[in-house]
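Working notes, structure below.
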Amino acid sequence: MSAQLPIEAISQFSDLHPKPGHIRFQYGTAGFRTLGSVLDSVLFRVGVLAALRSKKLDGKTIGVMVTASHNPEPDNGVKLVDPRGEMLEAAWETHATVLANASTTPDFIEALETLVKTAKIDLSKPARVVYARDTRPSGPALVAAFEDGLKALDAEGRNAGVTTTPILHYLVRSINTKGTKHEYGDDSEEGYFTKLSGGFKKLVSGKPSLPPLVIDCANGVGTDAVTKIIGYLGDSLKLIPVNTATTTPGALNNACGADFVKTSQKFPPSVAPHLKAGQRACSLDGDADRLIYYYLDERSQFHMLDGDKIAALVAAFIVELVKAAGLDSEIQVGVVQTAYANGSSTKYLTERLPVRCVPTGVKHLHHAAEHFPVGVYFEANGHGTVLFSPETQEKLESHEPSTPAQSTALNHLLSLTQLINQTVGDAISDMLLVETVLAHKSYSGIEWDSLYVDLPNRLVKVIVVDRHAFKTEDAERRLVSPKGLQARIDDLVKRYDGGRSFVRPSGTEDVVRVYAEAVIKSQADDLAFRVAGLVYDETGGDPVTRPKEFI
Ligand code: 16G
Ligand code: MG
């Protein structure tokens, strides 16, 4: 390893991007995320890190996305994408945190030298990075800081402009598979839209078209993608985009978007004029990687169709197709969920398929789903996708159907592999997937919703002195510390019909989260608040500030 770090260039650029003294940055579940105004040094350093990650992987292209997803507009963030379009390898999350927290330029250079040595990075290799940002006003300056990081290492950068997180993931995989037998698609936005819409059009060809779908773009970057895909879909699907104000200050994710719908369990007020009885609608989040559906019934009651409902709809459909193609003895479909999955969805799915529960966070779900020939994964919050293993893909391509019905089902499965963005959860791809199933089944929101009835549930946040005192096991379903707390939760849960509750420290906020469900809504609320009370008391919360509702 002859090449050396270009110390002089790095230190000149680094001096332009000093670290704010008082802040400790953390590469969390979804990368670095905090106020956009304090992220300049982090972005510069992520530029350097991405270049090193590429060198480490023999010049493969690494992705970088500048976004804070569903967070309010003043926030921003950045995350790295590995060559197959998946989340950054966990060990490098630690490297990212170390580099971001070096207090001075000399400390930063020292940390880089240590990283190059310990990770055995061959600096003579090329470095290639593709990057994009969402519509936040702080984005352009942060991208400029990031580009300085690439310049410092003389890395080759490709600016994908303003685009969604899932499109950036798609580009990374397409670039790295170009010209190989695993070529994922043309490495352009056009390639992405052509691939998805092509799969969709084949799947719905000959099916009666569905009534138009209202699509809440959260005033974010999904707006551009929705506008573009409308052109590719033609008459195959009518979309009515709302919340498309990407340049109105403060509008992003404000009282709209997937997270708003899921957390407040109501539709965005801005969508109301478009919602008649029976109308189905969906909301994307601020970077278009989450999707929540909903509809109004004939009494104008709101009903939410969340990630669990999407998983149930999609998994059952794929199982049917695999069977109809005559491949059920060869291709197993499995589902991955987290503890937040509604108990009724888990019951519905386990009666039909193998189901695994893993800790919160996309990377856990994605990796678990890779173990199934077809892995369907969704978080209740609307993030998820379907993965077809390379062996499954080959089987689908080489299988000889013995009847016309088998041939049709097989073609549908092959079209699904086109329509689905397999690199990461993708609101637009998932929306097309849902619409495909609805068209095939002639379902409205009501019929889809009736697959199972959600158990009433409640999510509560508790502010504690030290959330790191909370440690979990069994995919976050049980606490191992603080000692004795789980036994007290168990005692409480037993008293509620259909009761279930779990406690976990958040990976994105300085709080502990309490989830509870029960057969009756008031009981789910009661259980959540009582467990929250236990958590609060356990961690030395002050009786004066103890929230009143923690009964
Ligand atoms: C992040 C995760 C999401 C998870 C959420 C949980 C990614 C890309 N996103 O947004 O999957 O559901 O965190 O947040 O991994 P919490 O730990 O604060 O409950
Ligand atoms: Mg998001």
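Order of appearance sets the numbers: ligands from 1, and atoms from 1 within every ligand. Just so it is clear, the model here is predicted, and its values are computed rather than measured.
Cation-pi geometry between K195 and F200 is not met: the NZ or CZ atom fails to fall both under 6.0 Å from the ring centre and inside 45° of the normal. At least one cation-pi condition fails for R280 and Y295: the charged atom is not both under 6.0 angstrom from the six-membered ring centre and inside a 45 degree cone around its axis. The cationic group of K262 does not satisfy the cation-pi geometry with Y294, failing either the under 6.0 Å distance to the six-membered ring centre or the 45° limit from the ring axis.
D285 contributes OD2 as its N, O or S atom closest to the Mg ion (ligand 2). Restricting D287 to its N, O or S atoms, the one at the least distance from the Mg ion (ligand 2) is OD1.
Counted within 6.0 Å of CD1 on I23, heavy atoms from surrounding residues, nucleotides or ligands total more than 12; the atom is thus considered enclosed. The neighbour count for E190 CD, taken as heavy atoms of other residues, nucleotides or ligands under 6.0 Å away, does not exceed 12.
Centred on the Mg ion (ligand 2), the OG atom of S69 and the OD1 atom of D289 lie at an angle of 180°, reported to 10°.
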Check against ring pair (Phe, Tyr, Trp, His ring centres under 6.0 Å), Y377 and H366:
CA-CA 7 Å; Y377 75 82; H366 195 92; 5.4 Å; yes

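D308 is linked by a side chain to side chain donor-acceptor pair (under 3.5 Å) to nothing, counting only residues two or more places apart in sequence or in another chain.
Within 4.0 Å of ligand 1, heavy atoms belong to protein residues T29, M87, R290, T360, G361, V362, E379, N381, R504, S506, G507, T508, R513.
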